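Read through the structure below, which is laid out as structure tokens, and then see the notes.
Side-chain atoms are counted along with the backbone in the values below, which use heavy atoms only and exclude waters and symmetry mates. Remember, predicted model here, so these are calculated numbers, not experimental data.
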Amino acid sequence: MAVAFKVTGAEQGEWAVLQVSGELDLMTSPVLRQRVHDVVAEGHHSLVVDLSDVFFCDSSGVGVLIASRRLIRSCQGRLRLILPDRGADDGSHVNRVLGALGVRRLFDVRPDLDSATTDEAGPLSA
């Protein structure tokens, strides 16, 4: 049974949080792109994109993440990604794709929502 792609939004303190689930690919990545643009247009410049429930990500999905990083940086904002709570070394699909393309180091990756929305812990990646 296919899992439907879904992006839901919430706020946690000063952070806007987008929870993404399903496949992030050529067909669904425009939805995430638009949601990120909407969040920024609403004045949020601290954004967490939770990818814990994304089980597939292709190059178009990675492109949306990179474009989101560029957009947030142009606003002097902060973007953090949440990858599965097993952490950056668990070998999840999104981790493998970001690593294989050599772009994982561009992102502030956190293991869970609590660490993503606080400044106490440093990122899992540079």
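- Side-chain contact check for E11 versus V17: every heavy-atom pair is 4.5 Å or farther apart.
- Contact check for H44 versus W15: no side-chain heavy atoms found under the 4.5 Å cut-off.
- With sequence neighbours excluded, the residues forming a side-chain contact (heavy atoms from CB on, under 4.5 Å) with T8 are K6, Q19, listed by chain and number.
- You'll find the side chain of R80 stays beyond 4.5 Å of the side chain of T117, heavy atoms only.
- Note that the SG atom of C57 and the CG atom of L98 stand 6.5 Å from one another [nearest 0.5 Å].
- Legend: residues meeting salt bridge (charged side-chain N to carboxylate O under 4.0 Å, His left out) with E42, ordered by chain and number and at least two apart, are absent.
- Put simply, CG on L113 and OG on S52 are 9.0 Å apart, with the number rounded to the nearest 0.5 Å.
- Residues R69 and L106 form a side-chain contact, since some pair of their non-hydrogen atoms from C-beta on lies under 4.5 Å apart.
- Checking L81, V62, L83 one by one against R104, the side-chain contact (heavy atoms from CB on, under 4.5 Å) holds for a single residue, L83.
- In this structure a side-chain-to-backbone donor-acceptor pair under 3.5 Å is present from D58 to G61.
- Here the side chains of L65 and L51 are in contact, with some heavy-atom distance below 4.5 Å.
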Take F56 and L24 through the test side chain to side chain contact (heavy atoms under 4.5 Å, CB included) and record every step on the way to the result. CA-CA 6 Å; F56 177 81; L24 183 56; over 6 Å; no

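- When the options V94, N95, L101 are evaluated for a side-chain contact (heavy atoms from CB on, under 4.5 Å) with V97, the one that passes is L101.
- Distance check: D50 CG to I82 CD1 gives 4.0 Å after rounding to the nearest 0.5 Å.
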Begin from the C-alpha positions of R73 and H45 and carry the test side chain to side chain contact (heavy atoms under 4.5 Å, CB included) through to its verdict. CA-CA 9 Å; R73 288 173 63 99; H45 297 149; over 6 Å; no

Which is it for V103 and I66 under the side chain to side chain contact (heavy atoms under 4.5 Å, CB included) test, yes or no, and what are the steps along the way? CA-CA 8 Å; V103 298; I66 291 170; 4.0 Å; yes

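- Side-chain contact between V48 and L18 is absent, with no heavy atoms from C-beta onward closer than 4.5 Å.
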Can you give me every donor-acceptor pair (side chain of residues 26-36, partner residue at least two apart or in another chain, under 3.5 Å) with its distance?
residue : atom : partner : partner atom : Å
T28     : OG1  : E23     : O            : 2.6
T28     : OG1  : D25     : N            : 2.9
T28     : OG1  : D25     : OD1          : 3.1
S29     : OG   : D25     : O            : 3.0
Q34     : NE2  : D38     : OD1          : 2.8
R35     : NH1  : V7      : O            : 2.8

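- Side-chain atoms of R110 come within 3.5 Å of backbone atoms of S115 as a donor-acceptor pair (strictly under, hydrogens ignored).
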